[in-house]
Amino acid sequence: MRSILKFQHFRVRDGAFKPYESRTGQTRGSPKGSFRGRIKSVDVVKRPAAPAAHGTRWVLLTAFLLGVLAAVIWYLVSLPHPDALNRMAGTLLAWAIFGAAILSLRRVPTKLMGAVVMAGALLLGAAAVSGPPATSSDSARYAWDGIVQKAGISPYRYVPADPALQDQRPDWLFQGRVPDGRCTPGLYPASTSPGSANSADRPGSDRLCTAINRPQVPTIYPALAEIYFLAVRLVPGPGVGYIAFQLAGLVLSLSLTAGLLHFLRRTSRLLSNAAWWAWSPLVLSEAVNNAHVDVLGAVLATAAVLLLFRGKVFSSGVAFGAAVAVKLIPVMMAPGMLFRRPLRFSLTAALAFVVLSLPYVLISGWAVIGYLPGYLVEEGYGTGESDRFSLVRLLVPDRWATPAGAILLLITAIYIWRTVDPQRPWDKQVVMVGATLLIVSPGYPWYALLLVPLIVLSGRFEYFTVPLALTIMYLDGGLFNSTLTTRTVLGAAALTIIAAAWLRRRRGRSYSAATARVPRG
């Protein structure tokens with residue numbers, strides 16, 4: 001007599017357990033903790049194909065939701081100087097519509113899903129580039145560094161306000177003062193007098209206004225970021241504004257979307273998962289509209305993960321070293337990258353970083369460090385009171401927050417290094433990056449661009465609470481108590497992730513217990 005256990009997509013009959021199959025009938029590998037009895041056969045229980053009209057309705061609903069989301073994105077990037085409340089409300093609405101669009105996409109026929117994802121990414125990307133950067137002026141510094149390099153000048157040599165670069169200043173980046181001696185909204189005051197950084201806000205004949213934030217400090221960006229800035233500005237003339245970097249960000253975002261779709265299709269996973277990157281309000285805002293260079297780091301870091309998964313250690317090391325040479329942030333993924341020939345991988349990554357940095361070091365020497373030390377102090381990563389390590393400060397005094405946070409990060413890194421699975425490395429990498437962002441609590445949501453592809457690969461969608469929390473922190477704008485807001489949203493994200501991990505483990509134990517009761521032949 002055969003005993004039959006029914007699961008979500010398959011039926012197991014007594015005999016030796018075999019790797020379970022997906023709805024497409026392709027082997028996906030057995031889950032951890034599977035039983036060891038003998039099973040004579042595995043029957044795949046496939047859902048009946050949806051009628052064509054039913055599938056069309058879901059396509060139309062998804063298209064409608066994408067149209068509404070595109071309209072919200074267009075509204076957010078078109079507002080010249082909205083108040084913080086309108087910005088916050090519009091952003092939260094975009095996130096809500098994004099969630100509804102993802103749920104609708106899951107019911108779209110599989111054969112159309114990839115096309116719908118890419119079409120949606122193009123539509124939303126077009127909306128995101130329809131206006132200038134809405135919440136960040138970092139791309140102004142990108143453009144300036146590219147313009148300076150195009151003129152044959154090292155970006156590490158002069159600050160933007162230096163009079164020596166007066167001939168390089170385009171009108172859309174630099175303007176004179178208005179009659180009352182102040183800058184128009186969205187521009188930053190900068191004095192051209194040496195040593196006058198602290199008096200930049202006072203009206204004076206030597207003062208100008210610029211779209212570049214921190215105009216009297218050197219650039220902070222590593223070598224490959226500067227190469228990228230030069231490449232983007234190499235063809236456009238000086239009058240071309242933000243659109244150059246916005247289009248570059250859109251191309252990078254679409255490239256990563258295509259890469260994720262390709263990988264998901266090859267591994268028989270749901271193609272709808274790619275939309276978590278392609279349609280995300282975080283990506284549309286920070287990678288496309290604000291054109292943050294972090295998107296390049298995310299593309300290279302994701303390539304490094306997938307190449308190492310396929311056993312291409314050298315290529316992966318080069319990609320990872322290049323990602324760190326864009327911004328140092330991807331270095332947090334290093335503990336989860338040491339699962340295959342770690343010495344060769346590490347040496348290759350370090351060599352790639354050095355080779356990319358060497359030309360700038362030879363030209364500018366130690367100036368390539370740029371504003372990094374000052375930035376760390378300014379952002380509160382040292383001792384003292386700040387919103388960095390916000391959750392840690394709930395447990396220890398402020399003066400101990402930084403060392404305590406460093407210890408937590410070290411413990412997390414050791415755990416990830418010892419437990420990473422070469423067959424599913426992204427499961428631990430998403431934990432490493434997500435935990436780092438929660439512990440350090442940076443004030444900028446674009447740092448989470450590195451996390452989103454790992455969420456797509458791992459399917460740990462609860463980690464999307466982290467970029468959402470960082471977005472709320474960034475847009476708070478004095479609406480609420482900053483410290484309270486930071487601790488509330490980060491705490492909610494941490495509790496959500498912990499609860500999801502507990503439920504996932506409980507489901508795994510229930511599955512193992514159920515399969516263990518199958519009679520042995």
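With sequence neighbours left out, the salt bridge (charged side-chain N to carboxylate O under 4.0 Å, His left out) criterion links D294 to K327.
Summarising the geometry of V392 relative to L408, their closest heavy-atom pair is CG2-CD1, 4.0 Å, with the distance given to 0.1 Å. Here the shortest heavy-atom pairing between A223 and L356 reads CB-O, 3.2 Å.
In this structure, W276 has its ring center closer than 6.0 angstrom to the ring center of F98. Residues Y228 and Y142 place their aromatic rings such that the two centres sit no closer than 6.0 Å. Residues F263 and W426 bring their aromatic ring centres within 6.0 Å. Taking the six-membered ring where the residue is Trp, the centroids of W144 and F174 are separated by under 6.0 Å.
Without hydrogens or angle criteria, W279 side chain to V117 main chain gives a donor-acceptor distance under 3.5 Å. Here the side chain of R233 pairs a donor or acceptor atom with the backbone of G237 at under 3.5 angstrom.
Rounded to the nearest 0.5 angstrom, L308 CG and F339 CZ are separated by 3.5 Å.
Sequence neighbours left out, not one pair with a member in residues 237-246 passes side-chain hydrogen bond (donor to acceptor under 3.5 Å, both in side chains).
In this structure the side chain of T210 never reaches within 4.5 angstrom of the side chain of P160, judged on heavy atoms. Residues T348 and V313 have side chains not in contact (no heavy-atom distance under 4.5 Å, counting atoms from C-beta outward).
A salt bridge links E379 with R214: at least one charged nitrogen is closer than 4.0 Å to a carboxylate oxygen.
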